[in-house]
Amino acid sequence: MLQISSLSFRYDHVELFQHLSFTVKPGEILHLRGSNGVGKSTLLAILAGLLSPSAGQVTWGKEEAGFPSLQRGEFFAYLAAEANGLYLQLNALSNLRFWSSLSSEPLAEETIRTALLRWGLASPLLQERLAVGFLSTGMRRRLALARVSLSPAPCWLLDEPIYGLDTRGVELFREALQNHVEQGGMAVVVSHDLVSLAGLTVRQYVLQDKWR
Amino acid sequence: MSLVGGFIRIVRQGFRVEFQEKERLLTPLFFAALMLLLFNFVLDEQAEAVQVKLFVAEIFLTMLFALHLCFSRIFEADAEDRAFEVLQTYSLHRLAWFAGKYCLAMIFGLLVIVPMILLSGLFHGQATLFLLYSPALWGVVVLMLAGLSALGVLLAAMMLKARGREVLFPLLYFPLAIPVLLAASEAVLGFISGSAAAWQWLGLLLGFDVIFITLSAVLFAELVGD
């Protein structure tokens, strides 16, 4: 379970949000909504451990909720909005190999290749010959989502996950997310595009805009 | 993941990325060769005693600038698509991360320095040839590199999110590197002349190394967050 208690964040003297509290249970998708600049991406960055809140607490993975005691990096898999976290000089396979090697359960080569196949990156040219820097925006996003889906982390933090994806890519994303929650995982998704979560059972959480 | 496991993965990844983009290594090498060529073009035909001092001065000065080019780009591949940020979200031991990058900086530093010293020795000919076989020279160079690499890794990580990092990096790197460079060059000159002061300079150099490595490892962990 993921629990956010009375979370606040301020940039210098500007309070972005105050006293946010919610929980995300295993098998649940939380759709984080709100207008631009309200702090959705900041909230995800706080959950991922990239920023520190000015007040409040984030707790996760309590044993009674079915998860063993995990470090933050083992509990969350994070995908930023404007970047994919890929090494642009390396090919798709090398990228996934590296990220998988850092996780608590490194995957077999075959599993990684199967994931690439599932995400529509099956051709040897895309997998091994072409550096990721040469791939299109949508292809890179698919690869970044493949990284998240291969991660053993129970909670996905996805910021605008379908950015750049074509229709098939969006379908693949929904399938992956559905599989994840069916296996007891959870996700916090920031997306302005309602298509991204269409057909999935989600809980909405709207961040209130204090400034407009 | 264990400390050693994390270290190995960072080093292996660093090699893969760097050898895909060879210009990151070739740029400092080319710059060093150009600088040495200019030095030797201008300071041609000096007395033998002066040749040795010139050799020491020019290799240390060239090293300072070439290593600056080398270190300032040590996190470039990690920064391009914000892989650095994703790495921060993984349970990678911060010391393993620092040690991996430090090890890479040392290796790439050596890959720049060794051919550079040999080239400089060739330019100076007979007068400095004995220095190329001197364990004192190579020992001091490695100690200098050990300190500067730690400083380089820390500053490069600090500059990742800084605006105008191309300007900010040298502004911090050069003043902090100068004491190390002075201690190293004085130690080499002392060893050549057989002066006892060489050991004091060597001690000072070791002191700088300990301070830079310790501080950089601690501050790096603070910087990337636990």
Side-chain angles (χ1 to χ4, degrees), chain A residues 41 44-52 61 69-91 93-106 129-135 137 140-141 143-144 147-148 151-153 155-159, chain B residues 1-27 73-101 104 108 157-158 160-161 163 220-226:
Chain A
S41 298
L44 280 199
I46 290 171
L47 297 180
L50 294 170
L51 293 171
S52 301
S69 205
L70 295 173
Q71 290 181 19
R72 189 194 286 264
E74 293 166 332
F75 189 78
F76 294 108
Y78 173 68
L79 178 67
E82 327 79 40
N84 297 306
L86 301 169
Y87 285 90
L88 303 182
Q89 304 79 5
L90 302 181
N91 60 44
L93 196 61
S94 300
N95 264 284
L96 290 190
R97 263 195 216 124
F98 172 64
W99 291 115
S100 162
S101 76
L102 291 181
S103 77
S104 52
E105 299 160 30
R129 297 199 198 127
L130 215 55
V132 164
F134 292 107
L135 301 186
T137 309
R140 285 189 210 175
R141 201 57 170 175
L143 188 57
R147 170 183 69 77
V148 173
S151 153
C155 185
W156 293 359
L157 304 171
L158 308 173
D159 199 349
Chain B
M1 187 193 307
S2 71
L3 192 77
V4 178
F7 168 78
I8 291 170
R9 283 165 179 87
I10 291 292
V11 172
R12 211 165 43 196
Q13 178 73 351
F15 272 115
R16 275 199 205 111
V17 171
E18 293 301 330
F19 284 109
Q20 290 295 322
E21 289 224 336
K22 294 180 189 70
E23 70 264 21
R24 266 206 278 272
L25 186 63
L26 291 176
T27 308
R73 306 173 79 181
I74 198 94
F75 284 105
E76 203 170 84
D78 305 86
E80 275 174 350
D81 196 27
R82 286 168 53 188
F84 187 87
E85 245 175 52
V86 177
L87 266 172
Q88 279 180 277
T89 67
Y90 275 69
S91 289
L92 172 66
H93 201 294
R94 290 352 191 187
L95 188 59
W97 192 358
F98 173 77
K101 283 292 180 185
L104 285 166
F108 291 121
M158 279 170 69
L160 270 175
K161 286 180 185 167
R163 275 185 215 159
F220 182 85
E222 279 296 310
L223 194 73
V224 297
D226 285 319

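Note that the structure is predicted; figures quoted are calculated from it, not measured. Residue numbering restarts at 1 for every chain, and letters A, B, ... go by the order of the sequence lines.
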### Query
Shortest non-hydrogen contact from G85(A) to V86(B)?
CA-CG2, 3.6 Å
## Note on the structure
Heavy atoms of G73(A) and S91(B) approach each other most closely as CA-OG, 3.3 Å
### Query
What residues form a salt bridge (Lys or Arg N to Asp or Glu O under 4.0 Å) with E18(B), not counting sequence neighbours?
R24(B)
### Message
Quick check for you: to the nearest 0.5 Å, what is the distance between R97(A) atom CZ and R12(B) atom CZ?
### Response
10.0 Å
### Task
Working to the nearest 0.5 Å, report the span between CD of E74(A) and OG1 of T89(B).
12.0 Å
### Task
Drop me the distance from L102(A)'s CG to L92(B)'s CG, to the nearest 0.5 angstrom.
6.0 Å
### Message
Using a 4.5 angstrom heavy-atom cutoff, name the option from R82(B), R9(B), Q13(B), Q20(B) with the most pairs to chain A.
### Response
Q13(B)
#### Entry: Heavy-atom closest pair, residues L50(A) and E85(B)
CD2-O, 3.5 Å
